[in-house]
Amino acid sequence: MDRYDPKTIEAKWQQVWEAERTFYTPDPAPGEEPPNHWYQLEMLPYPSGTLHMGHVLNYTMGDVLTHFRRRHGWIVLRPMGWDSFGLPAENAAIREGGHPREIVEQNIVEIREQMKRLGWAIDWDREVGAHDVEFYRWTQWLFLRFYERGLAYRKAAPVNWCPHDQTVVANEYVIDGRCERCGTPVELRNLEQWFFKITAYADELLRFDLPEGGSWPERTMTIQRNWIGRSEGAEILFRVDELDTDISVFTTRPDTLYGATFFVLAPEHPLVERIATPEVDEYVRATAQKKTEERAAEQAKTGVFTGRYATNPVNGAKLPVWVADYVLMDYGTGAIMAVPAHDERDGEFAETFDLPVVEVIAEDGTLVNSDGFDRMPAEEAKQAIVEKLHGEGRGAPAVSHRLRDWSFGRQRYWGCPIPILYCDACGEVPVPDEQLPVVLPEVEDYRPKGKPPLATATEWLHTTCPRCGGPATREADTMDTFVDSSWYFLRYVDPHNDQAPFDRRLVDYWCPITHYIGGIDHATGHLLYSRFFVKVLNELGLLGFREPFAGLFHQGWVTMGGTKMSKSKGNVSGPDAVVEAYGADAVRLYILFMGPADQDMEWTDAGIDGMVRFVRRLWRIVHEVAAAAPPGEPGDGPLVRKAHATIERVTDDLDRRMQFHTPISAVMELVNAIADDPAAPGARFAAETAVSLLQPWSPHVTSELWEVLGHEDRLWQQPWPQTDPALLVHETFELVVQVNGRVRDRLEVPAGLADAELVERATRSEKVQAHLDGKEIRQSIVVPGKLVNLVVG
RNA sequence: GCGGCGGUGGCGCAACUGGUCGACGCGAUGGCCUCAAAAGCCAUUGUCCCUCUGGGACGUGUGGGUUCGAGUCCCACCCGCCGCACCA
């Protein structure tokens with residue numbers, strides 16, 4: 001027996017897989033599209049660094065599922081690519097010096113090597129990188145389709161500005177008022193910006209019409225629903241005579257309209273400019289300088305009276321108009337009717353500024369002080385009051401969402417150029433399809449300066465208008481990298497297509513993605529954007545489904561020092577050293593053995609020795625079995641039964657419960673049982689079963705051991721082991737006997753005895769008799785095949 | 001504040017539908033093998049107690065409850081983590 005040498009056997013099998021193209025998945029020919037196919041995908045890595053143990057967990061999970069499905073006869077597509085555009089890569093380049101492209105491409109070379117050394121089953125023919133012209137020309141092409149439909153547009157709006165990264169940041173990636181990338185508090189700035197009209201799909205995004213057999217974690221759907229934040233109410237017009245205008249207000253409580261005693265505008269409200277008093281100007285200026293974070297953390301209410309009055313449409317009351325920053329411009333209409341008696345925030349404000357409070361809902365939930373609606377239940381009054389206003393043209397039922405349009409223009413270099421031109425004569429002009437791609441130009445200094453770096457590439461910037469032939473300037477913003485990741489999974493299906501982003505037949509065949517693995521941090525970002533993209537692409541006729549991801553699974557974080565591993569935090573541990581020291585198989589097993597895959601786990605290599613010990617033990621025992629155990633029919637001895645029970649556990653744990661660690665325990669138990677007597681009848685069958693069941697976790701050593709056991713075929717092509725139901729049934733079982741709920745004895749008894757017989761045997765036990773103490777048995781409970789509980793009193 | 005997840009040996013965790021708590025592994029202790037080491041093997045390993053070839057009590061964050069039986073269900077609370085948060 002050779003010593004277990006992971007380096008040699010891992011290199012050997014990786015070469016075999018590459019030479020035999022084991023993990024390359026051909027597309028089906030038209031008309032020949034086998035039904036049992038599976039699209040396994042894990043979120044693609046940012047090549048801003050190389051892999052850390054969090055990636056190892058993620059992709060090993062995908063790998064186990066890929067092997068498992070293949071061995072059940074499924075055709076599995078399992079591609080890989082790079083989220084290579086965007087801030088992470090660009091910031092890495094700034095940090096380390098050099099060009100983002102060089103950094104990214106160098107990292108990609110290294111990551112590809114790491115992935116191959118871990119033995120992951122990836123179809124490398126389908127590799128896609130966001131920064132490849134052949135990819136981003138189609139990102140531009142898709143943008144133009146959105147643009148044509150009015151789903152990509154430019155407007156001035158308050159947006160989050162990160163002063164460190166010198167760019168706009170989407171709402172989805174502002175965490176606690178700070179930039180998700182660099183942690184700098186963001187500012188609200190009124191800027192001309194590019195947006196995707198995701199709000200047009202708000203209600204549809206609330207519905208999860210998952211494909212048959214699909215399932216999402218409930219909490220992810222809840223997070224998305226809360227993010228979209230649909231609320232039903234009414235929009236009501238308040239007249240401001242002095243400004244000769246109507247101000248629209250959104251409220252979920254039209255039933256409290258008679259209780260409105262003042263009126264508040266957000267400081268950013270467009271009307272505020274027209275009110276211009278020195279106090280108002282000063283207040284607005286002071287607010288504008290506050291960071292979003294500071295504003296949210298403020299305890300006391302602040303505000304300023306404008307000297308103007310708005311008329312309550314329901315009773316003609318003159319309400320003083322205030323400007324206060326507790327009213328947010330980006331929700332509702334940026335203006336509210338304030339009802340201090342029934343809204344906590346309005347109440348605080350009224351108390352601070354000594355404004356009147358009028359109660360309009362009594363304790364019993366009916367209206368008071370509300371002409372004509374008194375004693376009406378509040379729920380009923382909501383409708384009745386809106387109906388009355390509707391009749392007068394002063395209000396209507398309305399729905400408001402928390403969700404904002406997705407701002408995707410970035411004032412940065414390293415991204416996909418937006419294919420738009422500005423012409424003095426024609427205005428905003430989309431680049432015609434035949435002029436794509438708009439290639440990202442080289443610039444002298446790509447670092448952020450507040451002004452898009454592309455604006456300094458003068459030769460590239462100035463061009464001719466395709467409509468009038470006159471001079472035109474290119475859009476210098478680039479796209480958010482989340483635009484790239486909103487459709488990359490579709491490009492994998494048809495990565496070399498130079499006529500279209502993808503072939504609809506192929507996309508409709510492989511997609512939706514059967515099983516997607518990635519972090520829950522993308523719940524309101526990538527996972528929402530991709531759903532939006534797919535809905536639009538469906539309406540464009542480019543594909544035939546409306547949800548991108550049928551199944552979804554969130555892995556836990558791999559932490560170090562209690563925080564999530566990430567390059568920006570500097571607490572990164574990569575696979576290279578451990579793979580070098582222990583081999584890929586042991587590392588793959590260990591990272592999955594550490595705990596439930598959906599829970600966070602603290603990385604430590606303290607226990608990895610134990611896993612290497614197990615692999616070596618498996619190696620030795622399989623060799624002993626190969627030498628000692630007789631070939632032939634396995635029979636039905638205890639080892640064979642144990643093997644069948646293990647098949648049952650491993651298969652069920654993985655398939656139904658998405659548990660990757662308990663199957664390893666189950667196989668360890670089986671191996672321990674074989675070790676007791678490697679020459680026993682059934683030991684060969686048990687060893688074959690152990691090796692076969694472990695193949696998805698540790699494909700190299702198991703492939704080798706399969707040969708050691710005398711097989712000339714390929715383990716990864718073997719059907720998944722099947723249980724024989726007859727061998728799962730045992731002839732005897734251990735009967736647990738309890739007296740008053742406490743275990744007092746265990747008896748080995750034949751299966752299939754009548755309840756009365758079980759009670760009889762239980763009662764006869766000496767140990768039980770000692771505890772019965774001569775007392776009368778009042779009740780006996782029998783759990784068939786398990787236990788008897790004798791109740792005495 | 002609202003919503004969610006979690007709390008089991010020295011450690012990671014297992015116990016899936018209320019039915020044997022601690023599987024599997026780490027660590028630790030003792031022993032075997034060896035000139036020695038590496039590797040490996042064997043035994044012990046929740047706490048406490050006793051008349052110790054055995055046996056008993058206690059034990060899953062805390063306090064109650066339901067049940068023949070509760071880590072699992074119900075009520076109240078404590079602690080930790082995550083998401084949302086002046087959303088009208």
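So you know, we letter chains A, B, ... as the sequences are listed, proteins then strands, and number each from 1.
Protein atom CZ of A:F593 is 14 Å distant from nucleotide atom C1' of B:rG27, rounded to whole Å. Rounded to whole Å, atom C1' of B:rC86 lies 16 Å from atom CD of A:E351. Per the geometry, CH2 belonging to A:W619 stands 17 Å off C1' belonging to B:rG40, to the nearest Å. A:I608 has its CD1 atom 12 Å from the P atom of B:rG27, to the nearest Å. Protein atom CG of A:D609 is 15 Å distant from nucleotide atom C1' of B:rC11, rounded to whole Å. Rounded to a whole Å, the CZ atom of A:R3 is 16 Å from the P atom of B:rA38. A straight line from CG of A:L592 to C1' of B:rC26 spans 17 Å, rounded to a whole angstrom. Protein atom CZ of A:F660 is 17 Å distant from nucleotide atom C1' of B:rC13, rounded to whole Å.
Mapping A:V736 and A:P596 onto RNA chain B via the closest heavy atom, the residue that lands nearer the 5' end is A:P596.
Remark: A:R649 does not engage A:D653 in a salt bridge, criterion side-chain N to carboxylate O under 4.0 Å. A:D255 has a carboxylate O that lies under 4.0 Å from a charged side-chain N of A:R253, or vice versa, which qualifies the two as a salt bridge. Between A:K301 and A:E351, none of the side-chain N atoms (NZ, or NE/NH1/NH2) sits under 4.0 Å from a carboxylate O, so this pair counts as no salt bridge. Between A:E232 and A:R230 there is a salt bridge, since at least one side-chain N of the basic residue sits less than 4.0 Å from a carboxylate O of the acidic one.
Taking both residues in full, the closest heavy atoms of A:S407 and A:A170 are given as O-CB, 3.9 Å, listed atom of the first, atom of the second, then distance. Listed here is the closest heavy atom pair of A:L747 and A:R761: CD1-O, 3.8 Å.
In summary, the side chains of A:R617 and A:N672 do present a donor paired with an acceptor at a separation below 3.5 Å, with no hydrogens or angles considered. Side-chain contact annotation: A:S765 with A:D745, donor-acceptor N/O pair under 3.5 Å present.
For A:S231, counting side-chain heavy atoms from C-beta on, the closest listed nucleotide (B:rA88, B:rG19, B:rA23) is B:rA88. With B:rA88, B:rA15, B:rA39 as the choices, the nucleotide that has an atom nearest any side-chain atom of A:R616 turns out to be B:rA39. Listed nucleotides: B:rG19, B:rA14, B:rA88. Nearest to the side chain of A:V327: B:rA88. When the nucleotides B:rA57, B:rC16, B:rC24 are ranked by their closest atom to the side chain of A:R656, B:rC16 comes out on top. For A:R613, taking side-chain heavy atoms from C-beta onward, the closest of the listed nucleotides B:rC24, B:rG27, B:rC21 is B:rG27. Nearest to the side-chain atoms of A:N672 among the listed nucleotides B:rA88, B:rC24, B:rG40 stands B:rC24. Nearest to the side chain of A:D325, among B:rG19, B:rC16, B:rC86, sits B:rC86. When each of B:rA88, B:rC41, B:rC68 is scored by its nearest atom to the side-chain atoms of A:I336, the top-ranked nucleotide is B:rA88. When distances run from any side-chain atom of A:K786 to the nucleotides B:rC24, B:rG19, B:rA57, the shortest one goes to B:rG19. Ranking B:rC24, B:rC41, B:rG19 by closeness to the A:Q738 side chain, first place goes to B:rG19.
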Between A:W697 and A:T702, does the side-chain contact (heavy atoms from CB on, under 4.5 Å) criterion hold? Intermediate values first, please.
CA-CA 9 Å; A:W697 282 261; A:T702 49; over 6 Å; no
What N/O pairs connect the protein and nucleotides 47-56 of chain B at under 3.5 Å? Give each pair on its own line.
unit_1, atom_1, unit_2, atom_2, d
B:rG56, OP1, A:H771, NE2, 3.0

Look for any protein N or O under 3.5 Å of an N or O in nucleotides 81-85 of chain B and output each such pair with its distance, or none.
unit_1, atom_1, unit_2, atom_2, d
B:rC84, O3', A:R402, NH1, 3.4
B:rA85, OP1, A:R402, NH1, 2.6

Report, one pair per line, the protein and nucleotides 29-33 of chain B atoms (nitrogen or oxygen only) whose separation is under 3.5 Å.
none

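Between A:R620 and B:rA39 there is no side-chain polar atom (N or O) within less than 4.0 angstrom of OP1 or OP2. For A:R617, a side-chain nitrogen or oxygen approaches OP1 or OP2 of B:rC41 to under 4.0 Å. One finds no side-chain N or O of A:H661 lying less than 4.0 angstrom from the OP1 or OP2 phosphate oxygen of B:rC13.
Looking at heavy-atom distances under 4.0 Å, A:F614 makes no contact with the nucleic acid at all. No contact: A:G332 has no heavy atom under 4.0 Å from any strand. A:D346 comes within 4.0 angstrom of no nucleic acid atom, judged by non-hydrogen atoms across all strands. Nucleic acid contact class of A:E734 (heavy atoms, under 4.0 Å, all strands): base. The residue A:V791 sits close only to the backbone: its heavy atoms come under 4.0 Å of sugar-phosphate atoms, none of a base.
On the C1' atoms, B:rC79 is 15 Å away from B:rG63, given to the nearest whole Å. Taking the P atoms as reference points, B:rA14 lies 31 Å from B:rU66, given to the whole Å. If you take atom C1' in B:rA85 and the same atom in B:rC75, they sit 29 Å apart, rounded to whole Å. Here, B:rG6 and B:rC13 have their C1' atoms 14 Å apart, quoted to the whole Å. B:rC11 and B:rG61 are spaced 13 Å apart, taking the P atom of each and rounding to whole Å. Spacing between B:rG12 and B:rC2 at atom P, rounded to whole Å, works out to 31 Å. Rounded to the nearest Å, the gap between the P atom of B:rC84 and that of B:rG27 is 39 Å.
Taking the O4'-C1'-N9-C4 or O4'-C1'-N1-C2 dihedral as appropriate, B:rG22 has a value more than 90° from 0 and is therefore anti. Taking syn as a glycosidic angle within 90° of 0, B:rC52 qualifies as syn.
With sequence neighbours excluded, the residues forming a salt bridge (Lys or Arg N to Asp or Glu O under 4.0 Å) with A:R225 are A:E218, listed by chain and number. Here A:Y326 pairs with A:F349 under the ring pair (Phe, Tyr, Trp, His ring centres under 6.0 Å) rule; sequence neighbours left out.
Sparse packing is recorded around CD of A:Q383, with 12 or fewer heavy atoms of other residues, nucleotides or ligands lying under 6.0 Å away. Shown here is A:E344, whose CD atom has no more than 12 heavy atoms of other residues, nucleotides or ligands within 6.0 Å.
Ring planes of A:F305 and A:W322: tilted class, angle from 30 to 60°. Ring geometry for A:H522 versus A:H526: interplanar angle over 60°, hence perpendicular rather than tilted (30 to 60°). Ring planes of A:F553 and A:F660: perpendicular class, angle over 60° (limits at 30 and 60°).
Within the 4.5 Å cutoff, no side-chain heavy atoms of A:T333 are placed close to those of A:Y331.
Taking a pair as Watson-Crick or G-U wobble with both distances under 3.5 Å, RNA chain B forms stems of 3 or more consecutive pairs at B:1-7 with B:78-84, B:10-12 with B:24-26, B:27-32 with B:40-45, B:46-50 with B:54-58, B:61-65 with B:73-77.
Cation-pi geometry between A:R531 and A:F208 is met: under 6.0 angstrom from the ring centre, within 45 degrees of the axis.
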